[in-house]
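Basis for what follows: all heavy atoms, side chains included, without hydrogens, waters or symmetry-related copies. Counting begins at 1 with the first residue of the sequence. This is a predicted model, so every value here is computed, not measured.
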Amino acid sequence: MSEKQQNPWIEGLQTIGLSIALAVGIRQFVAEARFIPSGSMIPTLQIDDRLVVEKISYRFNPPKRGDIIVFQAPQRALDAVNSTTNDAYIKRVIGLPGETVEIKEETVFINGDPLEEEYINAPPSYTWGPKTVPTDEYLVLGDNRNSSSDGHVWDFLPGDNIIGRAVVRFWPPSRIGGLDK
């Protein structure tokens, strides 16, 4: 017995439909590409860098200090820069729930201890806190501390706003690689 061959048009449409469904599913639940529109994360990330943001790990483990995360900006962050769009931001996790954070004398202090930060562009030229990070929220700061609209401007980030963790830069080719601290 011979199998009836399927119409090539129907087979092509099924393949395209499956491809679209997989692409949307991967982007929604697994990973997505993002680009860097501003200098708030210099020197770690440059304007127009392209990154892969993974969305799975925070379903099982909370963010850690030093993680570079992408998140939906809370309304107070958008208000701080007079934005009318629901922009996504990228910053570094600095303060974890329950920690007391203070920025003074060009240093970030976590529970009274200075934080070692080799990744920043320049020490912060402002003071902030001390403030205790609420449950299920984070303090996030840009690596370009003095040119970043971040938690020192608009306070804490609700954990529910986090989209995922930036894990690898894939563009430009000269800077391809992981984004470890």
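Atoms CG and NE2, from L141 and H152 in turn, are 8.0 Å apart once rounded to the nearest 0.5 Å. A distance of 11.0 Å separates OG in S148 from CD1 in I90, rounded to the nearest 0.5 Å. How far CD1 of I103 is from CG of L115: 9.5 Å, rounded to the nearest 0.5 Å. Interatomic distance, M41 CE to L51 CG, rounded to the nearest 0.5 Å: 9.0 Å. Interatomic distance, I69 CD1 to Y138 OH, rounded to the nearest 0.5 Å: 8.5 Å.
Nearest heavy atom pair, residue W154 against residue V140, reads CH2-CG2, 3.7 Å. Of all non-hydrogen atoms in E117 and V108, the two that sit nearest each other are OE1-CG2, 3.6 Å. Between I94 and Y119, the shortest heavy-atom distance links the atoms CD1-OH, 3.7 Å. Nearest heavy atoms, E102 versus P130: OE2-CD, 3.6 Å. Looking at every heavy atom in both residues, I163 comes nearest to A88 through CD1-CB, 4.2 Å. The heavy-atom pair separating P43 from D143 by the smallest distance is CD-CB, 4.4 Å.
Checking D150 against Y89 by side-chain atom types alone, no donor-acceptor pair falls below 3.5 Å. Under the 3.5 Å distance criterion, with hydrogens and angles disregarded, a donor-acceptor pair is assigned to the side chains of K91 and S40.
Residues L157 and I162 meet the side-chain proximity criterion, which asks for heavy atoms closer than 4.5 Å. By the 4.5 Å heavy-atom criterion applied to side chains, R65 and L96 are counted as neighbours. By the 4.5 Å heavy-atom criterion applied to side chains, R145 and P123 are not counted as neighbours. Side-chain contact between R76 and D155 is present, with heavy atoms from C-beta onward closer than 4.5 Å. Between R169 and L45 there is a side-chain heavy-atom pair separated by less than 4.5 Å.
A chain of hydrophobic side-chain contacts below 4.5 Å, direct or via other Ile, Leu, Val, Met, Phe, Trp or Tyr residues, connects F156 to I110. Under a hydrophobic-cluster definition in which Ile, Leu, Val, Met, Phe, Trp and Tyr are linked whenever side-chain heavy atoms come within less than 4.5 Å, directly or via other members, V52 and Y58 are assigned to different clusters. Residues F109 and V133 fall into different hydrophobic clusters, defined by Ile, Leu, Val, Met, Phe, Trp and Tyr side chains chained together at heavy-atom separations under 4.5 Å. In the hydrophobic clustering of ILVMFWY residues, with side-chain heavy atoms under 4.5 Å counting as a link, L179 and V93 come out apart. A continuous path of hydrophobic side-chain contacts links I68 to V70 [ILVMFWY only; heavy atoms under 4.5 Å].
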Assess whether side-chain contact (heavy atoms from CB on, under 4.5 Å) is satisfied between R175 and D49, documenting all intermediate values. CA-CA 8 Å; R175 294 173 35 86; D49 278 0; 2.8 Å; yes

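For D136, the CG atom counts as loosely surrounded, since its 6.0 Å shell holds 12 or fewer non-hydrogen atoms of other residues, nucleotides or ligands.
Counting only distance, with no hydrogens or angles, the side chain of R92 and the backbone of D67 share no donor-acceptor pair below 3.5 Å. For E54 (side chain) and I56 (main-chain N/O), a donor-acceptor pair under 3.5 Å exists by modelled atom type. Between the R50 side chain and the F170 main chain, no donor and acceptor come within less than 3.5 Å of each other. Of the possible polar contacts, one joining the N146 side chain to the S125 backbone as a donor-acceptor pair under 3.5 Å is found. Looking at E137, its side chain never comes within 3.5 Å of a backbone N or O of P134 through a donor-acceptor pair. Panel note: side chain T44, backbone I42; no donor-acceptor pair is recorded below 3.5 Å. Not one N or O on the side chain of N111 forms a donor-acceptor pair closer than 3.5 Å with the backbone of E99.
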